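Structure first, commentary second.
Please read all numbers here as calculations on a predicted model, not as lab measurements. Just follow the structure's listing: the first ligand is 1, and inside any ligand the first atom is 1. When reading the values below, keep in mind they use all heavy atoms of this one structure, side chains included, and skip hydrogens, waters and symmetry mates.
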Amino acid sequence: MTAPAVSPFIIVAIDGGAGTGKSSSATLLSERFNLLHVDTGSFYRAATAEFLRLGVTAADPAAVRGAISGLQLRTRLNGRDAQMEIGGRVVPDAEIRSPAVNAGVSLFAALPEVRAALLDYQRQLADFARAHSFRGIVLGGRDIGSVIFPDADFRFFLHVDEAVAEQRRARQGQSDSIKERNRLDSSRKTAPLLCPAGASYIDTTQLTLAEVVEKMAAPIAAKLGVP
Ligand code: DC
């Protein structure tokens with residue numbers, strides 16, 4: 001008797017600007033294929049909340065370096081979501097989505113020392129996913145397919161018209177400077193927001209969430225040999 005084929009562990013990268021629906025679509029993919037879901041934007045947000053709490057500004061890289069060296073990063077599993085603990089605490093959603101964090105996160109995320117501090121942390125989450133028997137991992141962010149996992153099995157880049165993204169945020173009841181964050185994230189020197197060569201570019205402006213998810217799910221299902 002031959003052993004049943006073991007389906008491969010897959011890495012799915014979803015990059016894109018603010019309000020493109022990365023997190024919603026990654027959540028749906030994680031449920032459909034039993035993947036660990038990682039919202040890397042929440043990590044930059046949590047770090048930003050911590051810097052603000054410590055009174056550290058992005059204009060003072062030495063203070064940022066000092067603060068980073070004291071950050072203890074660990075992972076807490078919440079369903080299929082990987083949540084990052086900083087100093088033993090998961091920063092609550094209300095805090096990481098606050099206007100102060102929305103306004104400051106891109107400034108901290110542009111600092112090479114902040115990105116370096118989160119790089120290995122993000123990569124080791126693939127091992128975390130394996131250890132917890134997930135079939136793979138899906139990460140949403142800005143530099144997943146370009147820097148964190150350039151060899152990912154699937155790399156998607158989501159685009160949306162910025163006016164539509166701002167309407168989506170307003171419907172969620174949040175004040176967010178989508179255009180300004182995209183401008184800062186695209187123009188920074190380290191790991192800028194861009195569609196990496198070879199990634200699948202999806203313009204979501206005229207698509208429903210279900211349609212976006214289906215575009216990504218079809219090749220994943222084919223690779224895994226599942227419906
Ligand atoms: O996905 P988000 O909008 O919650 O991300 C918040 C900010 O974090 C985003 O404006 C830039 C930064 N970020 C990043 O620089 N790299 C990532 N991989 C994810 C987020």
> Within a radius of less than 6.0 Å around CZ of Arg123, do more than 12 heavy atoms belonging to other residues, nucleotides or ligands occur?
Replying inline: yes

> What protein heavy atom sits nearest atom 17 (C) of ligand 1, and how far away is it?
Replying inline: Arg142 N, 3.4 Å

>> So for ligand 1, is Arg188 a polar contact partner (N or O within less than 3.5 Å, distance only)?
In response: yes

> Is Asp143 close to ligand 1, meaning an N/O of one under 3.5 Å from an N/O of the other?
Replying inline: yes

> Which of the atoms of ligand 1 are close to Ser106, meaning less than 4.0 Å from one of its heavy atoms?
Replying inline: 10 (O)

> When you measure from atom 4 (O) of ligand 1 to every protein heavy atom, which one gives the shortest distance, and what is it?
Replying inline: Arg45 NE, 2.7 Å

>> Among all the protein's non-hydrogen atoms, which is closest to atom 11 (C) of ligand 1, and how far away is it?
In response: Asp185 OD2, 3.2 Å

>> Could you tell me if Tyr121 and Thr75 have a donor-acceptor pair between their side chains, going purely by distance under 3.5 Å?
In response: yes

>> Check the orientation of His132 and Phe134. Use parallel for under 30°, tilted for 30 to 60°, and perpendicular for over 60°.
In response: tilted

> What protein heavy atom sits nearest atom 6 (C) of ligand 1, and how far away is it?
Replying inline: Arg181 NH1, 3.3 Å

> For atom 16 (N) of ligand 1, which protein heavy atom lies nearest, and how many Å away is it?
Replying inline: Arg115 NH2, 2.9 Å

> What protein heavy atom sits nearest atom 12 (C) of ligand 1, and how far away is it?
Replying inline: Ala109 CB, 3.8 Å

>> Please determine whether a side-chain nitrogen of the Lys or Arg among Arg53 and Glu50 lies less than 4.0 Å from a carboxylate oxygen of the Asp or Glu.
In response: yes

> Do ligand 1 and Thr40 have nitrogen or oxygen atoms that lie under 3.5 Å from each other?
Replying inline: yes

> If you measure from the Lys or Arg side-chain nitrogens to the Asp or Glu carboxylate oxygens, is any gap between Glu162 and Lys179 under 4.0 Å?
Replying inline: no

> So, His159 and Asp203: side-chain donor and acceptor under 3.5 Å apart, yes or no?
Replying inline: no

>> Can you confirm whether more than 12 heavy atoms, excluding those of Gln172, are under 6.0 Å from its CD atom?
In response: yes

>> Evaluate Arg168 against Val160 for side-chain contact (heavy atoms from CB on, under 4.5 Å), listing each step before the verdict.
In response: CA-CA 11 Å; Arg168 287 179 187 169; Val160 69; 3.8 Å; yes

> Which of the atoms in ligand 1, numbered in the order shown and given with their element, are less than 4.0 Å from a heavy-atom of Val105?
Replying inline: 7 (C), 8 (O)

